[in-house]
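Below is one structure, written out as structure tokens, with a few remarks after it.
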Amino acid sequence: MMQTQSENICFGGTQGVYTHASSRCACDMTFGLFLPAAAKDGPVPLLWYLSGLTCSHENAMTKAGAQAWAAEQSIALIFPDTSPRGDHVPDDEAYDLGKGAGFYINANQKPWSKHFKMWDYITAELPEIVGNSFPLDMSRQAITGHSMGGHGALTMAMSLPGQYRSVSAFSPISNPTVSEWGRKQFNAYLGANETLWSNHDASLLMQKNGFDGPILIDTGTNDQFLDVLKPEALAHAAAMRRQQIIFRMQPDYDHSYYFVSSFMGDHINFHAEALRL
């Protein structure tokens, strides 16, 4: 059963926060959902925003400035959490493993395998819940994300043909099978069999599958994590595949939400064009 934590009027629409029991993550999960004013007249398309390491549902909801643009385009925004939560959920002292670091995969290794099923949660369980509870047109979905969330958005879009009409990412972790942000988590969550890892590497999926729709990528030239994000690997894979893509290195921007909020309007307008089709 879903519980309403808060609802506030926002740019003529409603920004809500809701909690529900997740069967896949075996714990209570919280998400934010912005419904534009147009939702009062009928179902609206849905844009997923997947957040990065250490974040919860709240970071982008309060920092990205996305609601103003979504209200203008009559698009709903959903802000899921980045991992399972609760005292009974395993964690790690490091910021990049455990709570806040679900990596948008289904863990198969102990102690993570019982709760860390973020792939299924984002792609199947939560869409069913919100589709049955709110005036959303689930035939028109798009997905975006930041950093770890950019990794999740890209891998889900390229692995699930037809589920998302467009995909974008801010500073995505682009080649995690060879990255400091990837090998550690994949070993912990998926084990040492590296053949399983390739299903969650955007650069390798670009080579293998590509995406049947438009892609927009923004990364800052002063991003302090460029060596682990590896944007050049994704750019090269897209060029080799001749993928339809807009790939931008933004001069002087870093990895922060100042960067994300600066280009959020571009991303929402980009998705709005695809969602109108």
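Position 1 is the first residue of the sequence; numbering continues from there.
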ask   = Heavy-atom distance under 4.5 Å between the side chains of L160 and W119, does that happen here?
value = yes
query = Hey, is the main chain of N209 close enough, under 3.5 Å, to the side chain of R241 for a donor-acceptor pair?
reply = yes
request  = Look only at the side chain of K99 and the backbone of G86, and say whether a donor-acceptor pair between them is shorter than 3.5 Å.
outcome  = yes
query = Do H151 side-chain atoms and F103 backbone N/O form a donor-acceptor pair below 3.5 Å?
reply = yes
task = Answer yes or no: is there an ion pair linking K63 with E58, defined by an N-O contact shorter than 4.0 Å?
result = no
task = Return each pair, listed once, that meets side-chain hydrogen bond (donor to acceptor under 3.5 Å, both in side chains) where at least one residue sits in residues 101-116; pairs must be two or more places apart or across chains.
result = N106-D120
remark   = Closest heavy-atom pair, N187 versus A192, reported as atoms and distance to 0.1 Å, is OD1-CA, 3.8 Å
Can you give each donor-acceptor pair under 3.5 Å made by side-chain atoms of residues 26-53, sequence neighbours left out, with the distance rounded to 0.1 Å?
from, atom 1, to, atom 2, distance (Å)
T30, OG1, T19, OG1, 3.0
W48, NE1, Q141, OE1, 2.8
Y49, OH, Y257, OH, 3.2

ask   = What is the ring orientation for H20 with Y121, classed by angle as parallel under 30°, tilted 30 to 60°, or perpendicular over 60°?
value = parallel
query = Would you say the side-chain atoms of S22 pair up with the backbone N or O of C25, donor to acceptor, closer than 3.5 Å?
reply = yes
Test side chain to side chain donor-acceptor pair (under 3.5 Å) applied to H255 and D223, step by step = CA-CA 5 Å; H255 199 73; D223 192 304; 2.6 Å; yes
inquiry  = Would you say that I215 contacts M206 through its side chain, given a criterion of any heavy-atom pair below 4.5 Å between the two side chains?
reply    = yes
request  = Please check if the side chain of Q163 supplies one atom and the backbone of A157 the other of a donor-acceptor pair under 3.5 Å.
outcome  = no
inquiry  = Per the side-chain hydrogen bond (donor to acceptor under 3.5 Å, both in side chains) rule, what does the pair list look like for residues 258-267, sequence neighbours excluded?
reply    = S168-H267, D218-H267, R248-D266
inquiry  = Could you tell me if the side chain of F134 sits less than 4.5 Å from the side chain of M2, heavy atoms only?
reply    = yes
task = First locate atom CG of L216, then atom OG1 of T144, and finally report the distance between them rounded to the nearest 0.5 Å.
result = 7.5 Å
message = Determine whether a donor-acceptor pair (N or O, by modelled atom type, separation under 3.5 Å) exists between the side chain of E125 and the backbone of R24.
response = yes
task = Decide yes or no for V178 and S203: does some side-chain heavy atom of the first lie under 4.5 Å from some side-chain heavy atom of the second?
result = no
inquiry  = Quick one: does any side-chain atom of D201 pair with a main-chain N or O of T177 as donor and acceptor, under 3.5 Å?
reply    = yes
request  = Spell out, as yes or no, whether a donor-acceptor pair under 3.5 Å connects the side chain of S147 to the backbone of G149.
outcome  = no
task = Could you please spell out the steps behind the side chain to side chain donor-acceptor pair (under 3.5 Å) verdict for Q73 and N269?
result = CA-CA 7 Å; Q73 296 288 357; N269 292 339; 2.8 Å; yes
